[in-house]
Amino acid sequence: MPTKPQRKLPLQGARPAYRTLQGWALGTLIEQGAVKECEHHGHRIDRADPAAWNRAREEAWRNPFPGATPETCIAAMEEVMRGIGDTCPDC
């Protein structure tokens, strides 16, 4: 009894890692260690580490968000940092 071959679905293109400039900025800050997450509540916390902030700025300058200038990316990181405190509000 012959069997039908299974149809394979077309491969979908990979989505970009970040969809928005603000998401990219937060991800870059976390990757470079300028921001961490509270282990208990998940809120973002500013680590107040100038070396990490400088690494994040350098990364934004070398590898900006697609379609954005390095200056725009650094401004987005500064905006994200203004919304992050140095303590978890729930701790």
Side-chain angles (χ1 to χ4, degrees):
M1 176 170 189
T3 61
K4 288 188 200 176
Q6 289 188 354
R7 235 192 279 165
K8 294 188 178 187
L9 297 175
L11 295 176
Q12 294 181 359
R15 287 191 310 190
Y18 300 104
R19 294 183 182 184
T20 65
L21 180 58
Q22 286 73 24
W24 173 89
L26 180 60
T28 301
L29 290 165
I30 290 172
E31 288 171 3
Q32 299 303 321
V35 173
K36 67 177 183 174
E37 291 187 0
C38 172
E39 313 77 49
H40 304 291
H41 304 105
H43 294 287
R44 273 68 170 189
I45 302 169
D46 180 0
R47 290 192 51 234
D49 182 357
W53 173 245
N54 288 335
R55 284 192 308 270
R57 288 174 56 95
E58 289 172 9
E59 181 65 23
W61 194 262
R62 284 192 309 264
N63 299 312
F65 183 72
T69 65
E71 293 86 1
T72 305
C73 293
I74 291 171
M77 287 195 305
E78 289 170 352
E79 183 181 336
V80 167
M81 287 298 285
R82 280 193 294 272
I84 297 175
D86 58 351
T87 59
C88 175
D90 291 336
C91 284

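- Annotation for Q22 and V80: closest pair O-CG2, 4.0 Å, computed over non-hydrogen atoms.
- Not a single donor-acceptor pair under 3.5 Å links the side chain of T72 to the backbone N or O of A68.
- In this structure, a donor-acceptor pair under 3.5 Å is present between the side chains of H43 and D90.
- Note that the SG atom of C91 and the CD atom of E39 stand 7.5 Å from one another [nearest 0.5 Å].
- In this structure, R47 contributes its side chain and G33 its backbone to a donor-acceptor pair below 3.5 Å.
- Interatomic distance, I84 CD1 to I45 CD1, rounded to the nearest 0.5 Å: 10.0 Å.
- In this structure, E59 CD and W24 CH2 are separated by 7.5 Å, a value rounded to the nearest 0.5 Å.
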Exercise for the section: Apply the test side-chain contact (heavy atoms from CB on, under 4.5 Å) to residues D46 and K36: give CA-CA distance (whole Å), side-chain angles for both, the deciding distance (0.1 Å), then the verdict. Expected result: CA-CA 7 Å; D46 180 0; K36 67 177 183 174; over 6 Å; no
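- Without hydrogens or angle criteria, R55 side chain to Q32 main chain gives a donor-acceptor distance under 3.5 Å.
- The structure places CZ of R57 at 4.5 Å from CD1 of I74, a figure rounded to the nearest 0.5 Å.
- Annotation: the span from M77 atom CE to L29 atom CG amounts to 5.5 Å, rounded to 0.5 Å.
- Of all heavy-atom pairs between F65 and C73, the closest is N-SG, 3.3 Å.
- Listed here is the closest heavy atom pair of C38 and C88: SG-SG, 3.7 Å.
- T28 contributes atom OG1, which lies 9.0 Å from atom CG of L21 (distance to the nearest 0.5 angstrom).
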Handout entry: side-chain contact (heavy atoms from CB on, under 4.5 Å) between E58 and W53, intermediate numbers included
Key = CA-CA 9 Å; E58 289 172 9; W53 173 245; over 6 Å; no
